[in-house]
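Reviewing the structure listed below.
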Amino acid sequence: MFSRPGYALVAGTSQFLRGAVPEGVDGGRARFARYARAVAKRWPELQGISRSLPPRHISWARARDIPAGTSAARQVHLMRAFTTGSIDGAEFARGWLEARRASQDNGERLRDPLLTAFRQVFSLLEDYSIDPDLNEPDDLSDQELKDAVRETMERTEGF
């Protein structure tokens, strides 16, 4: 039985942390800070603990807010390059998925509406075959993927 709330510091390899804190370390820190604010009257010491462990990255809601040099900025750059015809579908898909993994590994965080847009692009890429020899009848063509990515960008505020 616990007479008061506790907290645990979690450490380990990147692979372990992805399982233990699926929203990422920064996401876990941000969630803990929200919890500490919510229970501040009951357990005020939690706010001091959460302030000592702030997220490393703020979360971005709009593409224009993402700092240059981040993996999320690379994803946005690739989306723009693909929809303007500077790169083909396979190059876009490989680069975007690589930048997505790097963004997650770096603890970069997104929030809506940008989070929804990036999730939509990820879903689109699941229906796209990078290797034309493995293309199935229901897979998106380069043009269909380009049109869908462009539509996602147009529907997303601040893109």
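No hydrogens, no waters, no symmetry mates; every other heavy atom, side chains included, goes into these values.
With sequence neighbours excluded, the residues satisfying side-chain contact (heavy atoms from CB on, under 4.5 Å) with D105 are R18. By the side-chain contact (heavy atoms from CB on, under 4.5 Å) test, P132 pairs with no residue at all, sequence neighbours left out. For R155, the side-chain contact (heavy atoms from CB on, under 4.5 Å) test picks out Q120, E151, T152, with sequence neighbours left out. Scanning for side-chain hydrogen bond (donor to acceptor under 3.5 Å, both in side chains) contacts around E136 gives an empty result, with sequence neighbours left out. With sequence neighbours excluded, no residue satisfies side-chain hydrogen bond (donor to acceptor under 3.5 Å, both in side chains) with Q47.
Residues Y35 and L46 approach most closely at CE2-CD1, 3.7 Å, considering heavy atoms. Looking at every heavy atom in both residues, Q75 comes nearest to S103 through OE1-CB, 3.9 Å. The shortest heavy-atom contact between A73 and A68 is CB-CA, 4.3 Å. In terms of heavy-atom proximity, L17 sits nearest to G12 at CD1-O, 3.7 Å. Nearest heavy-atom pair across Y128 and L140 is CD1-O, 3.3 Å.
Residue pairs meeting the salt bridge (Lys or Arg N to Asp or Glu O under 4.0 Å) criterion with at least one partner in residues 140-150, sequence neighbours excluded, are D147-R150.
Interatomic distance, CG of N106 versus OG of S71, reported as 4.5 Å (0.5 Å rounding). If you take CZ on F118 and CE on M79, they are separated by 6.0 Å, rounding to the nearest 0.5 Å. Taking CZ from R31 and OG from S50, the interatomic distance works out to 13.0 Å, rounded to the nearest 0.5 Å. In this structure, D112 CG and R62 CZ are separated by 10.5 Å, a value rounded to the nearest 0.5 Å. To the nearest 0.5 Å, atoms CG (L114) and CH2 (W60) are separated by 9.5 Å. Atom CD of residue Q104 and atom CG of residue L110 lie 9.0 Å apart, to the nearest 0.5 angstrom.
You'll find the side chain of L53 stays beyond 4.5 Å of the side chain of F32, heavy atoms only. Counting heavy atoms from C-beta on, the side chains of D127 and D138 never come closer than 4.5 Å. For the pair L125/F92, a side-chain contact is recorded, criterion being any heavy-atom separation below 4.5 Å from C-beta on.
Within a 6.0 Å sphere centred on CD of Q15, other residues, nucleotides and ligands contribute 12 heavy atoms or fewer.
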